[in-house]
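We name chains A, B, ... by the order of the sequence lines, and we start the count at 1 in each one. This is a predicted model, so every value here is computed, not measured.
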There are 2 protein chains.
Amino acid sequence: MRVLGIDPGLTRCGYGVIDAGTGRSASLVDVGVIRSEAGGAIDTRLLAISRGLSEVVERHAPDAVAIERVFAQNNLPTVMGTAQVTGVAIVIAAERGIPVALHTPSEVKAAVTGSGRADKAQIQRVMMKVLGMSALPQPADAADALAIALTHLWRGRGPVRLDASGAARTSAQSVWAEAERAARRKRDRSNTVW
Amino acid sequence: MRVLGIDPGLTRCGYGVIDAGTGRSASLVDVGVIRSEAGGAIDTRLLAISRGLSEVVERHAPDAVAIERVFAQNNLPTVMGTAQVTGVAIVIAAERGIPVALHTPSEVKAAVTGSGRADKAQIQRVMMKVLGMSALPQPADAADALAIALTHLWRGRGPVRLDASGAARTSAQSVWAEAERAARRKRDRSNTVW
């Protein structure tokens, strides 16, 4: 099972490819960002991101594509560009018959650390350990894309137990279920299309 | 000059194709909507819209594609799906080297009627007259797409003068310029990517 994770963005679109190993092991295949010129025309920029993502998909032939889900009420200055890139990424996968999933930041926390209140540093420690990295990939968009790919592999399962204890498994599944419910409520309230 | 106007949407994506004639005349080439199932998965839905739009572009080979610009702070329930469709439409045009423009609803009012305060009925009356239609195309998304195409043809020019008087021309150009300035202010404030 090979997963391509995407942190969608118009200026920097992060991508990370991982292969599932036995149990909770996973290996890093590729990670990076596709950029477009901040001052450029929107068609030139989206085309650059589209071509870069298509090339990554062709090169690595993932079994699934997982994309960070952004909500309109986040109301970041870049939310429309992020949504446009998300649409482009979804179609690139769908044209090739590759299943697509969208995961919220809460789902990433729940899947990777087993806690919906985990901070970024905790997520990053798990990722570095599991993927055998001595430093995080830069920029942050690249690391975030890897976390989304790992979330897709581990969704609905317990957290990785770096200390070899399985005690928190049931609790972690509850955290995931709650993150999913929260995403569903948010979507139903604000965004009928997802 | 042939323009494809798009009213982006995930459930109903309106499109309208018009050819410019001499002066302010224009002729209707095609109008319709591409639909996707409201309950379907996002990848299936976006792929359906993408294929439908690609087919329209291949069939009519427009010289320009004009898309309604939606802002994040509109905060409609469907804004993220609309932005995703916009991204897909922009890439479909850009891949074929067709120039893309985004026009706001205020720009449509200014270009078609010469007044930034025009209501929908006024826009529709001008459209029906210019394109020689005895009734508006249904659903509304299809008519809106035609208005966006007409806006692209007439942007920055005076309004169509159905009464053959040219008196309001300079004033209409001011209305357009103000609509453009308003769009730029809104964009700078809320959305750095457009």
Taking only residues two or more places apart in sequence, or in another chain, which ones meet A:Glu55 in a side chain to side chain donor-acceptor pair (under 3.5 Å)?
A:Arg59
Under a single-linkage definition using a 4.5 Å side-chain heavy-atom cutoff for Ile, Leu, Val, Met, Phe, Trp and Tyr, are A:Leu131 and A:Val112 assigned to the same hydrophobic cluster?
yes
Residues two or more places apart in sequence or in another chain: which of them pass side chain to side chain contact (heavy atoms under 4.5 Å, CB included) with A:Ala61?
none
Can you measure from CG (A:Asp43) to CG (B:Leu102) and round to the nearest 0.5 angstrom?
8.5 Å
Test side-chain contact (heavy atoms from CB on, under 4.5 Å) on B:Val79 and A:Met80 and set out the steps.
CA-CA 9 Å; B:Val79 74; A:Met80 298 306 279; 4.0 Å; yes
Find the distance between CG (B:Leu46) and CD (A:Glu95) and round it off to the nearest 0.5 Å.
11.0 Å
Does B:Arg51 have more than 12 heavy atoms from other residues, nucleotides or ligands lying within 6.0 Å of its CZ?
no
